[in-house]
J.: 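The structure's right below; bear with me while I get my questions together.
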Amino acid sequence: MATSKVAVVSSSDYFNNFADRKPPDLQPLSQRSTAVWHCLAGITIGLGFWYLHWRWTASLNPEAIVFSTFVVCAETAAFLGSMLFFFDIWSEKDTAIKSAPITRDEAGLDGDGSIAVDIFVTTFDEGTSVVRPTLVDAIGVNVPEGISLKVTLLDDGLQTGMKQLADELRVEYLSRDTNHGFKAGNLRNALMQSRGDFVVICDADTRLFPNFLKNTLGYFRDPQVAWVQTPHWFYDIPDGLTLTQLTTFELTTRSRFASFLPAVGLPKYRFGKDPFLSDPVVFFDVIQRRRNRNGASFCCGAGSIHRREALFRDALERRSQHALSQAKRSQTGVSQRHYAVNDLQPFCYHVSEDILTSIGLHSKGWKSVFHPEVEARMLSPWSVSAWATQKLKYAGGTFDIILHDYSMFFGNMRWAIKLHYFATFWSYIAVFWLPILLFAPVFSLFTGIAPIESYSREFFLHLLPVLLFNELAVFWSCKGYNTHTGRALAVGTLSIQMRALYQIIRGRRPKFPSTPKKPGNRRDWKHARPALIALAIMYAAVAWGVFATSHRYEGHSMSLLVVNTFWVLWNSGAFLRLLRMSLWLPPKQSMRTKSPKPFIGVARGKNEI
């Protein structure tokens with residue numbers, strides 16, 4: 001069992017406070033819960049069609065037909081997104097875990113000898129204090145019978161002390177003169193200088209558990225499996241403080257104020273819990289796990305293991321296809337795609353190299369497997385700047401794929417897998433209709449113009465059942481996880497996604513900044529400005545609506561005021577979360593240094609960590 005120090009990200013050794021945390025035990029959805037979820041989903045879809053039919057045929061406001069049509073179009077797009085989400089998470093089917101292959105033939109490999117595995121630890125500017133424990137844990141991974149293991153540090157930032165660290169820990173060290181191709185270029189450089197049959201991808205802070213290889217290599221007994229993805233677990237997410245702790249611990253004024261924003265006076269509420277909405281459990285334990293039924297879980301980079309043969313076969317095919325395309329375009333005078341494939345790219349040179357490479361492999365008929373148990377721990381973004389950097393990178397990469405790499409979907413990819421990817425892309429192009437839904441109530445409060453003919457009893461009879469059963473369906477399907485954080489993220493990142501889309505449309509290449517791995521130590525109002533502006537407009541609309549209704553201005557009524565004020569206050573909650581991110585700072589007491597502790601682990605059935 002490997003033991004090591006916790007990643008030290010600052011002189012205060014802040015993250016040592018989380019060294020003893022254990023990963024969650026992610027249980028499958030029971031058959032009974034699945035049946036209830038399917039029933040609720042069916043009712044929700046039926047009620048949704050009934051509501052939209054009524055909206056399109058009997059509720060449009062003839063005196064504001066343009067505004068009314070825009071709103072119902074946005075509602076229709078949102079309902080389509082809900083149906084895609086329901087398809088995405090419809091049922092759960094974990095791939096049976098098998099023992100790690102002992103011979104090359106069992107792993108679908110040619111030749112004789114042992115099965116070679118490379119663990120690549122990529123770094124750019126994270127520093128040796130973050131990378132050291134990652135390397136120590138990689139070295140300490142248990143090696144199954146018949147497997148040979150090599151750990152390599154890929155230093156893409158030529159950082160001071162990295163070469164010495166690699167020499168000290170006796171691992172391979174690779175670097176290069178440029179950052180061409182971002183992380184994908186760094187991985188290519190390593191793949192060209194290594195011979196591992198399987199490659200484990202680790203970010204600088206990805207600390208593998210000892211049985212990572214034992215629990216993932218068995219899936220490669222199927223020769224068509226190209227990669228296995230494991231869940232991301234951020235072990236450093238703040239638990240928050242109870243009201244009693246809040247009055248006991250020494251907090252900064254800003255941190256205390258930020259903690260009270262979401263709910264004041266709740267004795268059991270944990271103030272400051274997961275301030276940056278970083279917990280990815282819904283994405284991995286619900287979305288990725290359910291996509292596995294169709295072999296459609298995509299690579300998320302860190303914590304994944306890949307078959308070398310699949311990466312290089314796909315890279316060779318892409319280079320051949322690009323050469324043909326380039327020849328045709330040179331004849332017609334069409335300008336080239338700004339990511340020219342001039343060299344072999346096992347991982348696509350792209351800011352979102354993981355999902356783009358996944359699309360390419362899936363379109364060639366390769367399979368993926370999602371392993372449902374946590375096999376590594378990582379650090380989460382711990383400042384609003386780090387959070388915004390990460391979200392901008394994700395959004396820019398996704399929009400770039402949507403606009404420039406859509407042709408990859410016309411390969412041999414099965415329709416079910418296409419729909420899973422489409423569900424991801426649809427959630428991003430919500431930037432076109434989400435602002436309409438957010439600010440339609442604001443428009444109504446300012447103008448007295450409603451998006452429907454009247455707020456009648458018939459309106460509530462059509463709307464409320466849809467909302468109620470949708471909430472129940474999502475809650476039941478997501479195992480009781482808090483799904484409101486996902487909705488808050490959709491709203492809170494709206495300005496970031498718009499910025500990313502604008503940059504891509506203008507032809508600006510997405511950048512690949514690394515996510516900072518250190519606690520925030522100051523406020524950052526820059527990223528809160530969109531939220532502050534939105535909140536100011538929303539609350540001004542409510543104030544004006546109250547004034548206009550009390551003075552009986554034309555179009556303003558009590559029903560219009562109540563309905564739209566409710567939606568404005570509901571939507572403003574998401575913007576308040578973004579404001580909270582900008583204000584939040586770690587408690588001062590947590591910044592005191594603790595002695596580093598080894599990760600002891602806990603037995604969890606077949607997986608012991």
Side-chain angles (χ1 to χ4, degrees), residues 51-52 54-56 58-79 81 261-262 429-464 466-467 484 487-499 501-502 525 527-580 582:
Y51 170 76
L52 287 177
W54 174 77
R55 285 287 284 121
W56 280 104
S59 71
L60 295 179
N61 187 350
E63 297 181 359
I65 194 64
V66 174
F67 173 52
S68 188
T69 302
F70 266 99
V71 173
V72 75
C73 284
E75 290 177 329
T76 303
F79 177 67
L261 278 178
I429 60 178
V431 295
F432 291 106
W433 62 80
L434 185 56
I436 298 174
L437 296 178
L438 286 174
F439 291 99
V442 172
F443 180 82
S444 294
L445 289 172
F446 273 128
T447 64
I449 299 174
I452 62 173
E453 191 170 12
S454 66
Y455 293 106
S456 61
R457 178 173 176 269
E458 189 177 13
F459 165 71
F460 291 105
L461 286 176
H462 281 83
L463 176 64
L464 294 181
V466 181
L467 297 179
H484 292 288
R487 297 169 184 172
L489 275 176
V491 175
T493 59
L494 186 59
S495 62
I496 294 175
Q497 293 184 15
M498 287 181 168
R499 176 185 169 192
L501 179 61
Y502 175 72
W525 288 100
H527 300 290
R529 289 171 190 163
L532 289 171
I533 294 172
L535 288 170
I537 295 173
M538 286 179 166
Y539 295 150
V542 172
W544 174 256
V546 171
F547 176 82
T549 302
S550 63
H551 287 73
R552 300 182 180 180
Y553 281 19
E554 182 180 359
H556 289 271
S557 64
M558 185 57 66
S559 60
L560 182 144
L561 175 66
V562 171
V563 171
N564 288 285
T565 297
F566 168 80
W567 285 118
V568 165
L569 295 179
W570 178 269
N571 295 334
S572 69
F575 289 109
L576 286 173
R577 292 300 297 263
L578 183 58
L579 182 59
R580 172 188 168 188
S582 301

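Start at 1 with the first residue, then count along the sequence.
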J.: Using a cut-off of 6.0 Å, state whether more than 12 heavy atoms not belonging to Tyr502 lie near its atom OH.
T.: no
J.: If we only count heavy atoms from C-beta on, is the Trp433 to Thr76 side-chain gap below 4.5 Å?
T.: no
J.: Answer yes or no: are there more than 12 heavy-atom neighbours, outside Arg499 itself, under 6.0 Å from its atom CZ?
T.: no
J.: Using the ring of each side chain (for Trp, its six-membered ring), is Phe67 parallel, tilted or perpendicular to Phe443, with breaks at 30° and 60°?
T.: tilted
J.: Would you name the heavy atoms of Ala78 and Leu437 that are closest together and state the gap between them?
T.: CB-CD1, 4.0 Å
J.: With a sphere of 6.0 Å drawn around CZ of Phe446, does it hold more than 12 non-hydrogen atoms of other residues, nucleotides or ligands?
T.: yes
J.: Is any side-chain heavy atom of Arg55 closer than 4.5 Å to a side-chain heavy atom of Leu60?
T.: yes
J.: Quick one: sort the Phe575 and Phe439 rings into parallel, tilted or perpendicular, breaks at 30° and 60°.
T.: tilted
J.: Which atoms form the tightest heavy-atom contact between Pro435 and Met498, and what is the distance?
T.: CG-CE, 3.2 Å
J.: Do the side chains of Leu560 and Leu445 get nearer than 4.5 Å, heavy atoms only?
T.: yes
J.: Looking only at atom types and distance, does a side-chain atom of Ser550 sit under 3.5 Å from a main-chain N or O of Phe547, one as donor and one as acceptor?
T.: yes
J.: Using 30° and 60° as the class limits, which term best fits the ring planes of His484 and Trp570: parallel, tilted or perpendicular?
T.: perpendicular
J.: Quick one: closest heavy-atom pair of Tyr455 and Phe460, and the distance?
T.: O-CE1, 3.9 Å
